[in-house]
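These numbers come from the heavy atoms of this one structure, side chains and all, not from hydrogens, waters or symmetry mates. Along the sequence shown, the residues carry numbers beginning at 1.
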Amino acid sequence: MDCNFGVSYNADLLKAKAILQEVAEKNPLVLKDPAVYVGVEEHGESAVVFHVRSWTNTENYWTVMDQIKEAAKLALDAEGISIPFPQVDVHIQK
């Protein structure tokens with residue numbers, strides 16, 4: 001199962017990575033082998049995007065997907081790590 005999470009460029013990346021790793025590993029429906037993988041997927045326009053890969057049994061796929069997405073948002077919020085949204089700066093010249 002693959003999930004991507006964007007965090008602010010101002011965020012502590014190692015802390016964000018550890019939080020996402022812990023969220024996936026703590027889920028009781030995530031398999032221990034193969035191990036959870038968390039890494040930087042890309043440096044996006046508005047965020048550093050982490051890729052979280054975990055494995056679960058087929059019948060648990062959607063349940064785990066929902067649980068990890070919710071738990072990750074709550075855990076990042078609790079640690080003050082923002083998930084930014086795309087922004088555009090407009091400069092008006094006379």
Do you reckon W55 sits in the same ILVMFWY cluster as Y61, going by side-chain contacts under 4.5 Å, direct or chained?
no
When clusters are formed by joining ILVMFWY residues with side-chain heavy atoms under 4.5 Å apart, either directly or through shared neighbours, do L13 and I83 land in the same one?
yes
Under the salt bridge (Lys or Arg N to Asp or Glu O under 4.0 Å) test, residues paired with D33 that sit two or more places apart:
none
Is it the case that more than 12 heavy atoms not belonging to E70 sit under 6.0 Å from its CD atom?
no
When rounded to the nearest 0.5 angstrom, what distance separates OG in S46 from OH in Y9?
8.0 Å
Which pairs count as salt bridge (charged side-chain N to carboxylate O under 4.0 Å, His left out) when at least one residue sits in residues 6-16, sequence neighbours excluded?
K15-E79
Side-chain donor-acceptor contacts of residues 24-32 below 3.5 Å, not counting sequence neighbours, with atom names and distances?
| residue | atom | partner | partner atom | Å |
| --- | --- | --- | --- | --- |
| E25 | OE2 | Q21 | NE2 | 2.8 |
| K26 | NZ | E22 | OE2 | 3.0 |
| N27 | OD1 | L29 | N | 2.8 |
| N27 | ND2 | Q67 | OE1 | 2.8 |
| K32 | NZ | E25 | O | 3.2 |

Under 4.5 Å between side-chain heavy atoms, hopping through other hydrophobics if needed: is there a path connecting I81 to V40?
yes
Same hydrophobic cluster for V36 and W62, using side-chain heavy-atom links shorter than 4.5 Å among ILVMFWY?
yes
Run the side chain to side chain contact (heavy atoms under 4.5 Å, CB included) test against A75 and tell me which residues pass, sequence neighbours left out.
I19, V23
Verify side chain to side chain contact (heavy atoms under 4.5 Å, CB included) between V64 and N57, making sure each step is shown before the conclusion.
CA-CA 9 Å; V64 172; N57 294 320; over 6 Å; no
Using the side chain to side chain donor-acceptor pair (under 3.5 Å) criterion, which residues pair with D77? Sequence neighbours excluded.
K73
Would you say CD of E59 has more than 12 non-hydrogen atoms from neighbouring residues, nucleotides or ligands within 6.0 angstrom?
yes
Going by atom type alone, with no hydrogens or angles, which donor-acceptor pairs under 3.5 Å involve a side-chain atom of residues 1-8 and a protein atom two or more places apart or on another chain?
| residue | atom | partner | partner atom | Å |
| --- | --- | --- | --- | --- |
| D2 | OD1 | H51 | NE2 | 3.0 |
| D2 | OD1 | R53 | NE | 2.7 |
| D2 | OD1 | R53 | NH2 | 3.3 |
| N4 | OD1 | H51 | ND1 | 2.9 |
| S8 | OG | N10 | N | 3.0 |

